[in-house]
Amino acid sequence: AMGPAGRCLLCGLLLAALGDAGTAAEEPQPDPKAPCANWMGGAPGYPGHNGLPGRDGKDGRDGEKGEKGEQGEIGPKGDSGQIGSQGIPGSRGFPGTPGIMGMKGEKGEGAYVHRSAFSVGLTGKVAHPNVPILFSKIFYNEQQHYDPTTGKFRCSIPGMYYFAYHLTVYTADAKVSLYKQDRPVLFTFDQYQVNNLDQASGSVLLHLDAGDEVWLQVYGEGESNGVYADNINDSTFMGFLLYPDLDVH
């Protein structure tokens with residue numbers, strides 16, 4: 001029996017002999033590069049060893065943009081940054097719409113404080129009725145608007161005044177009037193109770209012009225002259241300016 005190598009050798013010799021004879025046979029010639037016919041082929045060889053790894057290929061093209069991921073957790077607050085430089089001043093705004101004009105206010109008082117006040121008392125029993133009572137005990141009369149020699153208050157600052165009197169009544173009834181410019185404007189009557197000390201009082205608001213005079217006097221007959229005062233019982237008369245007229249300068 002002839003092995004595969006022998007058979008290939010024999011095939012080659014036959015082909016060489018035919019070529020030398022110059023045969024004109026029309027049969028196709030075998031491809032010298034082709035392996036021998038299956039019946040003439042040799043045994044397959046052993047697999048070769050694994051080759052070395054090839055070099056890295058070139059970077060591929062960028063893929064399509066992926067979908068937006070979920071929002072991450074909020075990080076801790078960062079440190080405060082430095083204060084920036086002052087910005088450029090803005091343009092001037094347009095004037096605002098005028099508002100509705102309010103009502104004109106009342107004329108205010110000047111910085112000067114007008115003062116007029118007095119507080120006086122009796123030193124004994126009233127001597128005579130129907131004449132101004134002379135209150136000669138002075139508690140306050142800084143502006144000298146009350147005259148203790150006449151018993152009259154004379155207005156120097158036109159305005160609204162408050163007057164009041166508190167009288168002790170003893171030994172007889174008391175009828176007292178408050179006068180303004182020779183006209184009585186307030187009357188007080190107290191009926192004396194035997195062996196008692198009574199009190200009679202009155203008060204009033206009056207508007208006075210400059211030069212107006214105000215005083216107290218007993219009216220009626222002598223039997224109604226019970227206004228009294230001593231070292232432990234007082235009869236007092238007082239008045240003061242509440243507010244001056246607005247046109248006083």
Side-chain angles (χ1 to χ4, degrees), residues 106 109-110 112-248:
E106 296 181 358
E109 297 183 4
Y112 177 78
V113 178
H114 300 278
R115 293 183 175 91
S116 179
F118 72 96
S119 179
V120 293
L122 279 179
T123 56
K125 191 177 187 301
V126 174
H128 304 284
N130 300 313
V131 294
I133 300 175
L134 300 180
F135 291 88
S136 56
K137 182 187 291 187
I138 307 300
F139 298 110
Y140 179 85
N141 191 28
E142 184 175 341
Q143 296 81 33
Q144 301 295 318
H145 293 167
Y146 172 79
D147 186 354
T149 63
T150 63
K152 296 180 179 181
F153 168 79
R154 184 176 179 85
C155 175
S156 297
I157 304 171
M160 187 65 69
Y161 285 79
Y162 174 78
F163 295 95
Y165 51 88
H166 301 275
L167 307 175
T168 298
V169 178
Y170 184 56
T171 69
D173 296 344
K175 295 180 180 180
V176 179
S177 292
L178 185 141
Y179 277 75
K180 171 189 172 184
Q181 291 298 98
D182 297 324
R183 294 182 58 186
V185 294
L186 189 66
F187 296 91
T188 299
F189 171 73
D190 181 79
Q191 189 174 16
Y192 173 68
Q193 303 294 324
V194 179
N195 297 325
N196 285 332
L197 285 174
D198 293 343
Q199 294 288 328
S201 62
S203 60
V204 67
L205 284 173
L206 292 176
H207 180 271
L208 301 182
D209 294 322
D212 287 348
E213 292 181 325
V214 176
W215 67 89
L216 285 179
Q217 74 180 39
V218 172
Y219 69 91
E221 302 301 328
E223 66 272 10
S224 297
N225 189 13
V227 179
Y228 176 82
D230 57 25
N231 60 342
I232 58 173
N233 295 283
D234 283 305
S235 291
T236 61
F237 179 37
M238 63 167 292
F240 58 86
L241 174 67
L242 277 179
Y243 51 85
D245 290 346
L246 296 179
D247 57 352
V248 174

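Positions are given from 1, in the same order as the sequence printed here.
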Where the side chain of K175 meets the backbone of F187, is there a donor-acceptor pair that is under 3.5 Å apart?
-> no
Does a sphere of radius 6.0 Å around NE2 in H207 hold more than 12 heavy atoms from other residues, nucleotides or ligands, not counting ones at 6.0 Å or beyond?
-> yes
Short question: side chain of N225, backbone of V126 - any donor-acceptor pair under 3.5 Å?
-> yes
Between S201 and H166, the two heavy atoms sitting closest are CB-ND1, 3.5 Å
With under 30° as parallel and over 60° as perpendicular, where do the rings of W215 and Y179 fit, or are they tilted in between?
-> parallel
Looking at side-chain heavy atoms only, is the closest gap between Y161 and V214 below 4.5 Å?
-> no
Does the side chain of Y140 come within less than 4.5 Å of I138's, by heavy atoms?
-> no
Minimum heavy-atom separation for L134 to P148, with atom names?
-> CD2-O, 3.9 Å
Would you say the side-chain atoms of Y219 and Q217 include a donor-acceptor pair closer than 3.5 Å?
-> no
Non-neighbouring partners of D198 that pass salt bridge (charged side-chain N to carboxylate O under 4.0 Å, His left out), sequence neighbours left out = none
Is there side-chain contact between D230 and Y170, with at least one heavy-atom pair below 4.5 Å?
-> no
State whether the side chain of Y146 and the backbone N or O of F135 hold a donor-acceptor pair below 3.5 Å, judged by distance alone.
-> yes
Which of these passes side chain to side chain contact (heavy atoms under 4.5 Å, CB included) with S235: T168, L216, V176?
-> T168
To the nearest 0.5 angstrom, please state how far the NE2 atom of H145 sits from the CG atom of L208.
-> 12.0 Å
Of L186, L178, D212, the residue whose pairing with L206 passes side chain to side chain contact (heavy atoms under 4.5 Å, CB included) = L178
Of T236, T123, D234, the one forming a side chain to side chain donor-acceptor pair (under 3.5 Å) with K137 is D234
Separation between CZ (F139) and CZ (F118), nearest 0.5 Å, reads 12.0 Å
Could you check if a side-chain atom of Y228 sits within less than 4.5 angstrom of a side-chain atom of T171, using non-hydrogen atoms only?
-> no
Which donor-acceptor pairs under 3.5 Å do side chains of residues 150-160 form with protein atoms, sequence neighbours excluded?
residue, atom, partner, partner atom, Å
T150, OG1, D147, O, 3.4
T150, OG1, K152, N, 3.4
R154, NH1, E213, OE2, 3.4

Taking it one step at a time, do Q199 and D190 satisfy side chain to side chain contact (heavy atoms under 4.5 Å, CB included)?
-> CA-CA 8 Å; Q199 294 288 328; D190 181 79; over 6 Å; no
